[in-house]
Protein chains: 2
Amino acid sequence: MATSIHISLDHKCYLREPESTELGKRIISESIRLIDALGFEHFTFKKLGAEIGSTEASIYRYFENKHKLLVYLVSWYWAWVDYTVTFQTHNIADPRERLCRALEVLTKAGQDDDPSVAYIDERILYRIVVAESSKVYHTKEVDAENKEGYFLEIKRLCHRLAEMVLAVNPAYPYPHALISTAMEAAHQQLYFAKHLPSLTEIKDTQHPEEETKDFLKHLLFSAIDSIQYKSK
Amino acid sequence: MATSIHISLDHKCYLREPESTELGKRIISESIRLIDALGFEHFTFKKLGAEIGSTEASIYRYFENKHKLLVYLVSWYWAWVDYTVTFQTHNIADPRERLCRALEVLTKAGQDDDPSVAYIDERILYRIVVAESSKVYHTKEVDAENKEGYFLEIKRLCHRLAEMVLAVNPAYPYPHALISTAMEAAHQQLYFAKHLPSLTEIKDTQHPEEETKDFLKHLLFSAIDSIQYKSK
DNA sequence: TCATTTATAATAGTAATACTATCAAAAAAG
DNA sequence: CTTTTTTGATAGTATTACTATTATAAATGA
C-alpha cells in the first residue's frame, strides 16, 4: 500500500467532510490518538479541541457528537479492511487460499507499517476498533442509524467474506453468521488476551494476531468442511 | 427452577448489598426495566429514582455509579447461567450430550418462564445482557476491575464449559477461546438478527434462539471433532 | 420499652459534559 | 478586492454525575 489511496464512506455520519479541510484531518488524526489514550467514555470534544489548538464549537461543525465521530472512525476502518481484502485476494484463484488470505488481513489489520492515508495511524485506529467498535451499534439509535447507512461498510465486508465461504462450500448454511462471528472474535480474542487472559488460550506475548488467525482458520474451515460439499 | 434459589456474587461491585433491603431490590428490578427501556447511555440514577419513588442520593448509597450497577446485573446473569448449566448438566454422563445441553442453556437463557428470583425479571435482564453486556469490560478501568474480581462469574462459566469441550476431545487446543467466542456469539447473533439482519442467517421471526443454538452447536462440534481425538 | 443506631427522603450544591448561539477575524473563492 | 465560507473566541444552557447536610422514619438491641 505504498501509493496513497482514498477511502470514502457510503454514508454521512458527519456534518462537514473531515478530509476536505486541514482542521477536519486534525480532528480525525488527533481523535484517534486521544480516544486510544483516554478511552471513549473519557474522551470529549473539549479535550480534543485543547489538543489540536481549536475549540469545542469548531469540532461540532464537523460531527454532531462524539458517537458519530466513532462511527466515522470504525466505518473508515471497515472500508479500509474491505479495500485491503479485495486487493490482497483478487488474483488468488483457489477459494480456500483466498479465504485464508482474507482471514489473515482481518486478523492482521493492526500490523500495517505503511499507512495508506497520511493523517490516519492505522495501528492506533486498530486498537480503538478492538476496544470500542462494538459501541457503535450497541445503542438505542441502532435502527435509525442503520437506516442512514452507518453500517454499510461492515455489511459489505461481511457479505464479501461470506461469498468466499460459499466459494469453498456452497452448501454451508450459515456463511454470514460464521463471518460476523469471526469478525467479532478476531477483535475480542485480542482484547481478552490482553485484559481477560483466562477467557482464551491466545497469549498477549509474542504474536497474538498470528495465534488468533490460526484459531479462526481452524474454526472456520472445520465448520465449512463438516458440511458435505454440494455445488450450486 | 420452582423453588427459590440464591445467587451470590464473588465480588463487591456495590456499596450496600441490594438484596438485603426493600429499596435495594427495587433498585435492581426497576433498573432492569429502565435500562431495557432507555438503553444504558440514556439511563440515569435520577430517572431511576423518580421511577421507584426514591432519590438519586439514596441509589448512590448502593452503587457508586451506573456502570457498577451494570456490572452487578451482568455478573448476576452469568452466575445464574452458571448455576443453571451446572444444574441442567450434572446427571448427564455423555460428554457430547452434556456440552449440547450447556449450549442450549446458554442460548435459551432468555426463555425462562419461571423466574428463580422474585424481583429479577430474567427475560428482560437477558435483553440487557444481549444489548449492553460488552460495555462492562470495554472500559479503561477493565484491568483494575478485573483485579477486584468483577469478571469472576463469566470466567468461571467459561472455564466450566471449556472443560466440557475437553471432555469431548482432550486434544482440542483452544477450548477457552472457543467458548468465549460462543458465549459472545450467542448474544451477538440474536442482536444482529434483530438489528443488523444482513450480518446473519438467523431470522428474528419464530425461534432465533433455536437457530442460534443450531449454528453454535455445529460450529463447536465441527471444530472439536476436526482435531484427532487423543485422551489425556 | 426506650434509647440508639441505621437507612431513607428531601434538598441543595458543584464540576463536568454535551451541547447551541453569537460575532469578529481570517482565509478562501469568485 | 469583494463576497462567501470557515474558524476562533466567548458565553450560555440543560443535563449528568456526583457529594454533602439535615430531618425523619425504621429497625435494632439492652
Side-chain angles (χ1 to χ4, degrees), chain A residues 12-31 34-35 37-73 119 132 135-136 138-141 144-145 150, chain B residues 12-31 34-35 37-73 119 132 135-136 138-141 144-145 150:
Chain A
K12 276 192 59 177
C13 58
Y14 47 79
L15 298 170
R16 231 207 265 318
E17 195 153 23
E19 50 185 3
S20 69
T21 66
E22 213 29 67
L23 178 62
K25 288 182 214 165
R26 264 190 303 150
I27 289 173
I28 298 306
S29 65
E30 283 308 307
S31 69
L34 203 56
I35 291 172
L38 304 178
F40 187 65
E41 355 294 320
H42 297 298
F43 167 84
T44 68
F45 279 0
K46 191 166 193 177
K47 290 172 187 170
L48 177 58
E51 206 69 25
I52 63 179
S54 179
T55 64
E56 226 180 337
S58 296
I59 299 165
Y60 273 106
R61 290 194 195 99
Y62 283 83
F63 291 98
E64 238 178 281
N65 52 52
K66 68 176 183 173
H67 175 256
K68 303 224 169 176
L69 171 56
L70 186 65
V71 170
Y72 182 90
L73 296 177
Y119 61 95
E132 320 279 5
K135 293 168 191 170
V136 307
H138 281 128
T139 71
K140 268 290 159 184
E141 294 78 29
E145 295 189 345
Y150 285 15
Chain B
K12 278 190 58 177
C13 57
Y14 47 78
L15 297 170
R16 232 207 264 317
E17 196 153 20
E19 51 184 2
S20 68
T21 67
E22 216 26 70
L23 178 62
K25 288 181 213 165
R26 265 189 302 147
I27 288 172
I28 299 304
S29 66
E30 283 309 307
S31 69
L34 204 55
I35 291 172
L38 304 179
F40 187 65
E41 354 294 320
H42 297 299
F43 167 82
T44 69
F45 279 180
K46 191 165 195 179
K47 291 173 187 170
L48 177 59
E51 206 69 23
I52 62 180
S54 181
T55 62
E56 225 181 336
S58 296
I59 298 165
Y60 273 106
R61 288 196 200 94
Y62 284 82
F63 292 97
E64 238 176 280
N65 51 55
K66 69 175 183 172
H67 175 255
K68 302 223 169 176
L69 171 57
L70 186 64
V71 170
Y72 182 90
L73 296 176
Y119 62 95
E132 320 279 7
K135 293 168 192 171
V136 307
H138 281 128
T139 70
K140 268 289 158 183
E141 294 78 28
E145 295 189 346
Y150 286 13

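Chain naming here is simple, since letters A, B, ... match the order of the sequence lines and numbering starts at 1 in each.
- In terms of phosphate contacts, S58(B) brings a side-chain nitrogen or oxygen within less than 4.0 Å of OP1 or OP2 of dA9(C).
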Can you give one letter per nucleotide of nucleotides 14-30 of chain C, 5' to 3': B if a protein heavy atom sits under 4.0 Å from the base, S if only from the sugar-phosphate, - if neither? ---SBBBBB--------

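- Side-chain atoms of E41(B) and E132(B), non-hydrogen and from C-beta on, do get closer than 4.5 Å to each other.
- Panel note: side chain K135(B), backbone H138(A); a donor-acceptor pair is recorded below 3.5 Å.
- For the pair K66(B) (side chain) and F45(B) (backbone), a donor-acceptor distance under 3.5 Å is absent.
- Between the side chain of S31(A) and the backbone N or O of I27(A), at least one donor-acceptor pair lies under 3.5 Å.
- With hydrogens and angles ignored, the 3.5 Å screen pairs a side-chain donor or acceptor of K47(B) with a backbone N or O of H42(B).
- Panel note: side chain R26(A), backbone I52(A); a donor-acceptor pair is recorded below 3.5 Å.
- Per the geometry, CD belonging to E22(B) stands 13 Å off C1' belonging to dT8(C), to the nearest Å.
- In this structure E30(A) satisfies the salt bridge (charged side-chain N to carboxylate O under 4.0 Å, His left out) test together with R33(A), sequence neighbours excluded.
- You can see that DNA chain D meets the heavy atoms of chain B within a 4.0 Å-exclusive cut from dT16(D) to dA20(D), reading 5' to 3'.
- Between the CZ atom of R26(B) and the C1' atom of dA9(C) there is a distance of 11 Å, given to the nearest Å.
- Within 4.0 Å of F63(B), counting heavy atoms only, lies no atom of the nucleic acid at all.
- Minimum heavy-atom separation, V136(A) to H67(A): O-NE2, 3.4 Å.
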